[in-house]
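First the structure, in the form of structure tokens, and then the observations on it.
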Amino acid sequence: MHRHTDIPNGPNGMSVQFIFDNSYARDLQGLYLPWQPAQVPEPRLLYLNHELAAELGLEASALQGAEAAALFAGNQVPEGAAPLAQAYAGHQFGNFSPQLGDGRALLLGEVIDRQGRRRDIAFKGSGRTPFSRGGDGKAAVGPMLREVLIGEAMHALGIPTTRALAVAATGEAVQRERPLPGALLTRVAASHLRVGTFQMFAARGELDKLHALADYTIARHDPELADVPERHVALLRAVAGRQAALLAQWMNVGFIHGVMNTDNMTISGETIDYGPCAFMEAYDPGAVFSSIDHQGRYAYANQPRIARWNLARLAEALLPLMAAPDDETAVRQAVAQVTEVIDAFPALYATALLRGQRAKLGLERSDDVAADSALAEDWLALLQAQQVDFTLGWRHLADAAAGDEAPLRALFTDPQAPGVWLQRWRERLAAEAADAQTRAARMRSVSPWVIPRNHRVEEALAAASDEGDLVPFERLLAALRRPYDDTTQSAAYAAPAPAAVTASYRTFCGT
Ligand code: AMP
Ligand code: MG
């Protein structure tokens, strides 16, 4: 749907050939700074996602050796790329930062994948940019491989997410609390447009840029809205719809993003920025792992409220496009329109959440919203009261559906505790048509057996970062790619961490 003014670049002799078509660089001048990645001493490819490479039309045979390493470490900018640092602002923990931007990332360009989807190819950890402020622009091996593990787990769980195409070691130390081996991540995204991108140009009163940004965004993500008369509120509604669906998916797998600042919320509805995120172990609505989230602003149960808050910031940024500031009537009308969208978000989210919960409960009928919501809520209350592992609780509920309650009851401190609820659930199941085995299989297809357990992730990253041993990372990744398969190999990855590990587990931003 986007304007194709450039002829994509053809073969160029480089081993890895992206066919770029850089609409962001072309259409949004003034919203970014052209910039080059830093040179690094010793590029070495640590990870390459072959399946994703194929999706992007890359030749598998070319994806090895020194040239591939040089490319994914930023030393050899591929032909046709137009590297640039995107400008954006954002609310961080509720406070507005008027200028954030790509401080250690660069958009290389866009590729139309084999299914015709436009996808950003971007570096993370590619060196300082004019937006780096005090930062070094670099990234370390551990956190970049962490982004691979969590992102691929999310993808395998069917949750919209940016994805890691490659991680290359740089051969350079990055200085954190201690020196760590440096790395670059190559990230693939539906786009890197964020709530914070709109905030930046709204805050500066740069209406021409804001207009261009909105037009670009609509053309890229919601082309059917291009000609609707009230396209800006329609864009807001579309983003709210995607975020409601996304948040419901997060909540139903126990994902805690950890840093839901407005610059980390996408317009596309993909999960982005796997910094301090973590999966919940024992069910606890207040769960928070980020070392800097002292108030629990981004705690598990707060996430839907924060999404709504972030959408309200997007709404504010879109207002200047909907009404001239001196036209009071128009402003009042625009405010009413966006308010309606924001106020509708909780119900939209609740509907998406219940849809997911019903599938996890083995329910297909959707006529009694109040009773099914109560059934789901009471189940969660039970998990909380007995500190039951969220993932295994849901998974073993599928065994109970198949007739074996023992694995589920064994998760409870008091095995009798779920009795009354299970009885109620069975009464509700009586209204369903599916037989027990079919129901159990369906439940197992939406409640994973393997999630990225924090202790397993840390163990894999420590081996990779401290000893250069990628085997634990690769084994864990293989298990995460098949999250619903209950196999002997994956059993070790399904077990919860000891409670003491979870209690003291802390995650970090910007590492
Ligand atoms: P984040 O919360 O990780 O998405 O990052 C917030 C802002 O900090 C963004 O503008 C990043 O580009 C910037 N940033 C994070 N880490 C670094 C770093 N090591 N060097 C420069 N900028 C950074
Ligand atoms: Mg970010």
Side-chain angles (χ1 to χ4, degrees), residues 31-33 35-38 40 74 83-108 120 122-144 146-147 150-151 161-164 170 172-185 187-201 203 256-268 270-278 288-294 297-298 303 306-307 310 313-314 507-511:
L31 284 76
Y32 63 83
L33 294 168
W35 204 256
Q36 295 293 315
V40 306
L84 59 88
Q86 292 182 326
Y88 55 85
H91 276 87
Q92 300 180 302
F93 289 90
N95 304 307
F96 188 61
S97 305
Q99 188 177 305
L100 293 169
D102 284 337
R104 60 161 171 174
L106 289 175
L107 174 65
L108 284 181
D120 276 8
F123 282 151
K124 185 165 174 177
S126 45
R128 289 182 54 80
T129 76
F131 301 117
S132 295
R133 296 167 293 160
D136 60 1
K138 302 285 184 175
V141 166
M144 296 306 100
R146 191 166 200 280
E147 179 145 349
I150 314 274
T161 177
T162 65
R163 292 185 73 188
T170 60
E172 182 179 73
V174 293
Q175 193 53 49
R176 297 295 181 256
E177 274 165 15
R178 60 190 168 104
L180 295 172
L184 256 84
L185 173 82
R187 177 157 79 183
V188 177
S191 84
H192 285 79
L193 296 161
R194 323 143 189 266
V195 170
T197 320
F198 285 84
Q199 288 183 284
M200 170 142 201
F201 301 101
I256 305 163
H257 183 281
V259 61
M260 285 181 71
N261 294 336
T262 56
D263 53 305
N264 291 335
M265 183 185 263
T266 60
I267 299 300
S268 68
E270 284 183 344
T271 311
I272 196 168
D273 258 343
Y274 295 101
C277 61
V288 41
F289 293 108
S290 169
S291 58
I292 59 167
D293 191 358
H294 305 295
R297 178 181 171 89
Y298 300 138
Q303 296 184 117
I306 292 292
N310 289 350
R313 306 290 79 76
L314 177 62
T507 57
F508 302 90
C509 289
T511 34

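Residues: numbered from 1 along the sequence shown. First listed ligand is number 1; within each ligand, the first listed atom is number 1. Because only heavy atoms are used, hydrogens play no part in the values below, and waters and symmetry mates are left out as well, while side chains stay in. Since the structure is predicted, the reported quantities are computational estimates derived from the model, not experimental observations.
For ligand 1, the atoms lying closer than 4.0 Å to a non-hydrogen atom of D273 are 4 (O). Near G135, meaning under 4.0 Å from one of its heavy atoms, ligand 1 places the atoms 20 (N), 21 (C). Near G137, with a cut-off below 4.0 Å to any heavy atom, the atoms of ligand 1 are 18 (C), 19 (N), 20 (N), 21 (C). Listed by number with element, the atoms of ligand 1 under 4.0 angstrom from any heavy atom of Y88 are 9 (C), 10 (O), 12 (O). Near N264, the atoms of ligand 1 lying under 4.0 angstrom from a non-hydrogen atom of the residue are 2 (O), 4 (O). Of all atoms in ligand 1, numbered sequentially from 1 with element shown, those under 4.0 Å from a heavy atom of Q92 are 6 (C). Proximity to R176 (heavy-atom distance under 4.0 Å) selects the following atoms of ligand 1: 19 (N).
Any N or O atom pair closer than 3.5 Å counts here, and D102 shares no such pair with ligand 1. Looking at F131 next to ligand 1, no N or O pair under 3.5 Å apart turns up. Note: no N/O pair closer than 3.5 Å links N261 and ligand 1 by distance alone.
By the salt bridge (Lys or Arg N to Asp or Glu O under 4.0 Å) test, D120 pairs with R220, sequence neighbours left out. In terms of the side-chain hydrogen bond (donor to acceptor under 3.5 Å, both in side chains) criterion, residue partners of S268 (sequence neighbours excluded) are, by chain and number, T266. Every residue was checked against the side-chain hydrogen bond (donor to acceptor under 3.5 Å, both in side chains) condition with R194, not counting sequence neighbours, and none meets it.
Around the Mg ion (ligand 2), the protein N, O or S atoms closer than 2.8 Å are N264 OD1, D273 OD2, listed by chain and residue number.
Heavy-atom proximity to atom 15 (C) of ligand 1, evaluated over R104, M260, Q99, K124, is greatest for R104.
Counting all heavy atoms, side chain and backbone alike, D136 lies closest to R128 at O-CG, 3.4 Å.
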